[in-house]
Amino acid sequence: MREGDALRRRIAAAAALVLLAACSAPPEVRHAPAGEAPFVYVDNLDVITEWDPSRSYSNEIIALQNIYETLTLWNPVTKKSAPRLATSWRSSADGRTWTFTLRSGVTFHTGRPLDAAAVKASIERTMKSGTGASYIWDGVSSIRVEDPETVTFSLKYPVPLDLVASAGYAAYIYDTKAAPDLGKWFSAGRDAGSGPYTVAKWQRGKEEELTLRAYDQYWGGWSRPHYSTVKYRVVPDLDRAWRMLRNGEATFVERLSPSLFAKASATPGVRTSERPSFQTAMALFNTASGPLRDVRVRRAIQQAIDYRGLIKDLRGAGAPNAGVIPGGLLGHVPARSPRQNPAGAAQLLARAGYGPEGEPLRLRMTYAEGDSDQRLFVTKLAAALRPLNVTLEARAMSWNAQWELGRKGGQDIFLMYWYPDYADGYSWFGNVFHSADPTGFNLAYLRDPSLDALLDTVPELTVTDKTAAQRTYERATTQVLDQRAAAALPWVVNYQRAYVGGVGGYDDNPAYPDVVFVYELRPSA
């Protein structure tokens, strides 16, 4: 934009602000000239939990998807995999051999070429790590380099490898030769990706936690206008996040309260996006220790939840959930519809020695700091439990602190969100409700060999017999929610975003929760 244009725009914006103020209407958000300002993403949670792309399995997806790339990318319109680092692929008739043709001329941020050998090395290292979402490659028996731009995967059993290769976690391709001790090298806040952005600055625990800068040699090129800098700021106070957007300090706010989202929708100069997601809220019960070790108490908590009232009070930010897996994915069980039952909850507590006529009960609960939806759930649950002689001691925490406490079993109820590793339902069961030692995200601490055996059949059935896979998911849902009462899943998140009105090209892809693919945006003009 020319300076004269920018000056005229600022004068016009100032005049508009005066007029709007006089009319008591919400002020128009201020825009920075195109190319002069960074894209500033405001989140309520810590950004980085793990830097190693083989181990990453948390909120850092919002940054890493702009730093690293995968062989394919899930397209929410076609509901199929689309090219990314791979330009094409084919599978054998039996689904046990997959060959990918790679994009030519791609380099890592380290300067080394991204070729078939690099793909093989990065995926094999991720498989060997055995952490995070590395399980997505369990079906792979070997990887073979055919030539610099062709790589073939041989599988133990049929797997939709084009879908697996699009995963939000554990599918990143990275330079395994970046350093002799990659784990240590990554932990300092370095990257070895091929994406449009590379790490410029990382400040653990700071509000301005992470800054990315454009990678000049990115294969996609920089001929048209793009953001050259991306900043991630951690702001748990949603009111402040909204003020930052209004005064031009922020470009994109990932989460707002329903009232703030309504304001954003009516504010000139602000655009909003609202759509269903694959993200579910989960209240995980400590099945291993404490008062919730008693299944009767767990069932009582399930029945105490005011599901309908919660959805009403979320005011569009959440939709009713049914079962474990949300709608739109294999494994969803639409017939389930949880209902509040205070009388039933009281009876269950009485049998366990608690309740209005029994011993008082105190439960410790943790949830995400700065998340108004989770705070609403906590408030409503505390109110529902109070007449039952149950006191809920809820503690809002940063994600890293909450997860660290959860891995030690330090709470009775762990409230968090979950979304799939790729557009498939197995992630909920395979990671949250499958036995795990040490504890990762199995924060209900289930140890159920029969459930494990059932779940272990799902990946192959997903390819060979979807009807059988659906029946297996239904059995697993009954086992987790009814027989073991290991959790309550009270709502599915409806994504409600707010961002600067001049930004073009934004699309919310549910397979990559909370990710903004910044390179695809057109900066505000």
Side-chain angles (χ1 to χ4, degrees), residues 280-311 318-327 329-352 354-355 361 363 365 377 381 384-385 388 390 412-416 418 425-436 441-458 461 467-492:
T280 58
M282 299 196 299
L284 301 172
F285 304 146
N286 190 334
T287 63
S289 63
L292 292 186
R293 190 174 182 178
D294 189 328
V295 68
R296 296 170 297 186
V297 179
R298 301 199 297 270
R299 288 179 178 141
I301 303 304
Q302 285 180 327
Q303 295 189 26
I305 296 171
D306 181 7
Y307 298 93
R308 289 181 175 177
L310 176 66
I311 297 303
N321 197 5
V324 173
I325 299 171
L329 296 173
L330 182 68
H332 177 61
V333 186
R336 298 183 63 93
S337 183
R339 294 284 186 270
Q340 185 181 33
N341 183 3
Q347 291 176 359
L348 286 163
L349 287 172
R351 292 172 193 162
Y354 302 108
L361 176 62
L363 298 176
M365 181 174 184
F377 175 79
L381 180 59
L385 292 176
L388 300 174
V390 178
D412 299 307
I413 304 174
F414 191 109
L415 183 62
M416 71 173 185
W418 194 259
Y426 182 73
S427 178
W428 278 265
F429 287 104
N431 294 281
V432 181
F433 299 116
H434 196 289
S435 300
F441 290 93
N442 180 358
L443 296 163
Y445 318 109
L446 274 179
R447 299 289 187 272
D448 188 334
S450 65
L451 177 63
D452 294 345
L454 184 66
L455 296 176
D456 290 343
T457 67
V458 172
L461 287 175
T467 300
Q470 177 66 29
R471 288 197 300 267
T472 302
Y473 275 130
E474 291 171 1
R475 290 173 56 197
T477 298
T478 298
Q479 202 159 333
V480 167
L481 296 184
D482 299 336
Q483 297 173 12
R484 300 302 301 271
L489 287 86
W491 78 94
V492 179

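The analysis underlying the following values was restricted to heavy atoms, covering all of them including side chains, and did not include hydrogens, waters or symmetry mates. Please read these numbers as outputs of a predicted model, since none were measured by experiment.
- Using a 4.5 Å cut-off on side-chain heavy atoms (C-beta onward), Val480 and Phe429 make contact.
- Side-chain atoms of Pro320 and Trp491, non-hydrogen and from C-beta on, never get closer than 4.5 Å to each other.
- Sorted by first and then second residue, the pairs that involve residues 475-484 and meet side-chain hydrogen bond (donor to acceptor under 3.5 Å, both in side chains), not counting sequence neighbours, are Arg336-Asp482, Asp448-Gln479, Asp448-Arg484, Ser450-Gln479.
- Between the side chain of Thr287 and the main chain of Ala444, a donor-acceptor pair closer than 3.5 Å is present.
- Looking only at side-chain heavy atoms (C-beta outward), Tyr426 and Leu330 stay at 4.5 Å or farther from each other.
- When all heavy atoms of Ala304 and Leu388 are compared, the pair lying nearest together is CB-CD1, 4.2 Å.
- Between Leu481 and Leu489, some side-chain heavy-atom pair lies under the 4.5 Å cut-off.
- Residues Leu455 and Tyr473 are not in side-chain contact: their nearest non-hydrogen atoms beyond the backbone lie 4.5 Å or more apart.
- Between Ile325 and Gly425, the shortest heavy-atom contact is CD1-O, 3.5 Å.
- Taking 4.5 Å as the limit, every side-chain heavy atom of Tyr354 sits out of range of all side-chain heavy atoms of Val390.
- Formation of a donor-acceptor pair under 3.5 Å by the Arg447 side chain with backbone atoms of Ala436 is found in this model.
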Original post:
Could you go step by step and tell me if Asp452 and Ser435 meet the side chain to side chain donor-acceptor pair (under 3.5 Å) rule?
Top reply: CA-CA 7 Å; Asp452 294 345; Ser435 300; 2.6 Å; yes
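- Closest approach of Asp412 to Gly290, counting heavy atoms only: OD1-CA, 4.4 Å.
- Within the 4.5 Å cutoff, no side-chain heavy atoms of Leu461 are placed close to those of Gln470.
- Rounding to the nearest 0.5 Å gives a distance of 10.0 Å between CZ of Phe433 and CH2 of Trp418.
- A 4.5 Å side-chain heavy-atom check between Val432 and Leu443 finds every atom pair outside the cut-off.
- Within the structure, every pair that satisfies the salt bridge (charged side-chain N to carboxylate O under 4.0 Å, His left out) test and touches residues 281-302, not counting sequence neighbours, is listed here: Asp294-Arg296.
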